[in-house]
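Letters go in sequence order (proteins before strands), and every chain restarts at 1.
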2 protein chains.
Amino acid sequence: MSSGKIGAARADVLRDVRRKPGPCAQWDSEETNFIREILDLVGDKWSVLIIGTLAEGPLRYSDLADAIPGISQRMLTLTLKHLQRAGLVNRTAYAEVPPRVEYSLTDLGTSLLSTVLDLAAWSANHHDEIRDRQRAFDAEATPRK
Amino acid sequence: MSSGKIGAARADVLRDVRRKPGPCAQWDSEETNFIREILDLVGDKWSVLIIGTLAEGPLRYSDLADAIPGISQRMLTLTLKHLQRAGLVNRTAYAEVPPRVEYSLTDLGTSLLSTVLDLAAWSANHHDEIRDRQRAFDAEATPRK
DNA sequence: CAGAATCCTCAGAGATACTG
DNA sequence: CAGTATCTCTGAGGATTCTG
């Protein structure tokens with residue numbers, strides 16, 4: 001579909017994307033899908049953690065389970081399948097006597113990693129500030145109680 | 001809390017974050033919260049759209065509703081409140097006869113915008129590639145039917 | 001106009017047990 | 001080891017109606 005016209009720029013992406021004339025600029029439903037699509041991919045609870053864990057190199061299923069405390073087998077399997085389906089991770093099964101399966105980032109996954117890292121960096125940078133503001137907001141909303 | 005040690009770098013953020021020794025590097029639960037926190041903030045269905053819409057300038061409630069097709073009043077109100085609580089958007093109410101309320105990005109919100117735009121750009125750039133891979137994956141999984 | 005309040009639904013996600 | 005198969009439950013999110 002129409003990917004070229006948007007991809008080039010960075011700061012102008014959304015400006016470029018919202019161009020509907022009228023009383024107020026409107027999102028095109030096709031264009032919101034770009035955002036929605038990637039959000040469905042990495043906006044969930046585990047995808048980013050998996051991608052981040054795989055950043056250092058290939059890992060086996062059980063290694064991932066150990067590296068990401070709290071994830072259930074179901075969610076690990078499911079999320080890996082989503083990421084694999086989207087082409088972000090590779091699944092390599094070795095036909096050995098104790099079965100061995102390794103997951104690794106694809107080039108596509110690696111390219112996403114860097115922008116995800118920016119988000120993580122922003123998150124770490126403004127973590128304290130956000131918590132403070134939230135606290136202040138809650139204090140104002142609930143004077144006493 | 002510990003924000004300085006992580007914030008400086010970019011590409012090393014997650015490497016820096018996951019440092020637990022042992023059989024395999026493990027996420028610290030406190031550190032996963034950084035990611036989780038920002039994901040809860042912008043990983044949902046509407047936050048990014050709202051932030052992107054406000055990028056061009058302040059808008060009223062009804063303007064936002066018009067600019068973001070498909071959003072319900074409930075979700076618009078709720079998401080705005082979340083973003084306001086986190087200090088990403090300002091809410092300015094004018095005491096006029098027809099009530100007027102304007103929402104705008106704070107500096108914090110603007111700083112997040114640029115990294116979110118990167119994500120949107122990545123999404124737009126790789127949209128086609130991902131769809132192709134997903135199609136191929138599905139075709140392989142379901143030979144015929 | 002700018003929401004608040006309610007009701008309802010169905011995917012996301014956890015726990016557990018089983019299998020090639 | 002590397003998953004699959006169920007069962008269940010919570011809560012994000014939509015539709016609708018009411019209000020300052």
Side-chain angles (χ1 to χ4, degrees), chain A residues 23-24 29 32-33 35-37 39-50 53-54 58-86 89-104 137 141-142, chain B residues 23-24 29 32 35-50 53-54 58-86 89-104 137 141-142:
Chain A
C24 177
S29 65
T32 64
N33 286 347
I35 322 279
R36 206 58 55 72
E37 214 162 298
L39 245 42
D40 288 348
L41 214 55
V42 301
D44 65 281
K45 209 174 172 186
W46 302 111
S47 297
V48 170
L49 277 324
I50 291 181
T53 306
L54 254 28
L59 284 179
R60 311 176 55 164
Y61 182 88
S62 52
D63 291 336
L64 279 170
D66 292 342
I68 306 175
I71 196 171
S72 62
Q73 288 192 338
R74 176 185 141 85
M75 278 305 109
L76 181 54
T77 302
L78 223 69
T79 309
L80 280 172
K81 204 168 292 178
H82 287 155
L83 295 177
Q84 184 196 354
R85 188 174 104 98
V89 308
N90 279 323
R91 193 193 111 114
T92 316
Y94 299 92
E96 298 175 359
V97 179
R100 188 163 64 96
V101 178
E102 273 191 351
Y103 291 91
S104 59
F137 184 91
T142 311
Chain B
C24 177
S29 66
T32 63
I35 321 277
R36 209 53 59 71
E37 212 163 298
I38 198 221
L39 245 42
D40 287 347
L41 214 54
V42 302
D44 64 280
K45 210 174 171 187
W46 301 111
S47 298
V48 170
L49 276 326
I50 291 181
T53 305
L54 288 177
L59 283 179
R60 313 175 54 163
Y61 181 87
S62 51
D63 290 337
L64 279 169
D66 292 342
I68 307 174
I71 195 171
S72 62
Q73 288 193 338
R74 177 184 141 87
M75 277 306 111
L76 180 54
T77 302
L78 223 70
T79 309
L80 280 172
K81 203 169 292 176
H82 286 155
L83 296 176
Q84 184 195 355
R85 189 173 104 98
V89 308
N90 280 322
R91 193 194 111 113
T92 316
Y94 298 94
E96 297 176 358
V97 179
R100 189 162 64 97
V101 179
E102 276 192 350
Y103 291 92
S104 59
F137 184 90
T142 311

Undergrad: Please tabulate, one pair per line, each protein N/O and nucleotide N/O from nucleotides 13-20 of chain C that are separated by under 3.5 Å, including the distance.
TA:
{"from": "C:dA13", "atom 1": "N7", "to": "A:Arg74", "atom 2": "NH2", "distance (Å)": "2.6"}
{"from": "C:dG14", "atom 1": "OP1", "to": "A:Lys45", "atom 2": "NZ", "distance (Å)": "3.2"}
{"from": "C:dG14", "atom 1": "OP2", "to": "A:Trp46", "atom 2": "NE1", "distance (Å)": "3.4"}
{"from": "C:dA17", "atom 1": "N6", "to": "A:Gln73", "atom 2": "OE1", "distance (Å)": "3.4"}

Undergrad: Assess the residue pair A:Thr77 and A:Tyr61 against the criterion (side-chain hydrogen bond (donor to acceptor under 3.5 Å, both in side chains)); give the C-alpha distance rounded to whole Å, side-chain angles, the decisive distance to 0.1 Å, and a yes or no.
TA: CA-CA 9 Å; A:Thr77 302; A:Tyr61 182 88; 2.9 Å; yes
Undergrad: Any idea which heavy atoms bring B:Leu41 and B:Leu83 closest together, and the distance?
TA: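 For B:Leu41 and B:Leu83, the tightest heavy-atom pair comes out as O-CD2, 4.2 Å.
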Undergrad: Do B:Trp46 and B:Thr79 have side chains that get closer than 4.5 Å, going by heavy atoms?
TA: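 When only atoms from C-beta onward are counted, B:Thr79 and B:Trp46 do touch, with a gap below 4.5 Å.
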Undergrad: How many Å lie between NE2 on A:His82 and P on C:dA11, as a whole number?
TA: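 Answer to the nearest Å: 13 Å.
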Undergrad: When you compare the side chain of B:Leu39 with that of B:Asp44, does any pair of heavy atoms fall below 4.5 Å?
TA: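 A side-chain contact is absent here, since even the closest heavy-atom pair is not under 4.5 Å.
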Undergrad: Within the structure shown, what part of the strands sits under 4.0 Å from A:Thr77 by heavy-atom distance: base, sugar-phosphate, or nothing?
TA: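 Base contact - A:Thr77 has a heavy atom under 4.0 Å of at least one base atom.
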Undergrad: What is the distance, rounded to the nearest whole Å, between atom CD of A:Gln84 and atom C1' of D:dG3?
TA: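 Answer to the nearest Å: 13 Å.
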Undergrad: Starting at CD1 of B:Ile68 and ending at P of C:dA2, how long is that distance when rounded to a whole Å?
TA: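 In whole Å, C:dA2 P lies 14 Å from B:Ile68 CD1.
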Undergrad: Could you check how far CG of B:Leu49 sits from P of D:dA12, rounded to whole Å?
TA: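 Those two atoms, CG and P, are 18 Å apart.
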Undergrad: Taking all non-hydrogen atoms of both residues, which atom of B:Pro99 and which atom of B:Arg60 are closest, and how far apart?
TA: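 For B:Pro99 and B:Arg60, the tightest heavy-atom pair comes out as O-NH2, 3.7 Å.
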Undergrad: Rounded to whole angstroms, how far apart are CG on B:Leu76 and P on D:dA12?
TA: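 That distance rounds to 17 Å.
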Undergrad: Using a cut-off of less than 4.0 Å, is there contact between a side-chain N or O of B:Lys81 and OP1 or OP2 of C:dA4?
TA: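 So the side chain of B:Lys81 is within the cut-off, an N or O lying under 4.0 Å from OP1 or OP2 of C:dA4.
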Undergrad: If the condition is side-chain contact (heavy atoms from CB on, under 4.5 Å), which residues does B:Asp40 pass it with, not counting sequence neighbours?
TA: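 Counting only residues at least two positions away or on another chain, B:Asp40 forms a side-chain contact (heavy atoms from CB on, under 4.5 Å) with B:Arg36.
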Undergrad: Do the side-chain N or O atoms of B:Tyr103 get closer than 4.0 angstrom to the phosphate oxygens (OP1, OP2) of C:dC1?
TA: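 So the side chain of B:Tyr103 is outside the cut-off, no N or O lying under 4.0 Å from OP1 or OP2 of C:dC1.
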Undergrad: Are any non-hydrogen side-chain atoms of A:Leu64 and A:Leu54 less than 4.5 angstrom apart?
TA: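 Touching, per the 4.5 Å side-chain cut-off.
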Undergrad: With a 4.0 Å limit, can you tell me whether A:Ser62 has a side-chain N or O closer than that to the phosphate oxygens OP1/OP2 of D:dA2?
TA: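 Yes.
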Undergrad: How long is the line joining CG of B:Asp63 and P of C:dA2, in whole Å?
TA: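 The distance from CG of B:Asp63 to P of C:dA2 comes to 7 Å, rounded to the nearest Å.
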Undergrad: In whole angstroms, how far is the P atom of C:dA4 from the CG atom of B:Leu80?
TA: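 Rounded to whole Å, this separation is 10 Å.
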Undergrad: What's the CD-C1' distance between B:Glu96 and D:dG20, to the nearest Å?
TA: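 Those two atoms, CD and C1', are 16 Å apart.
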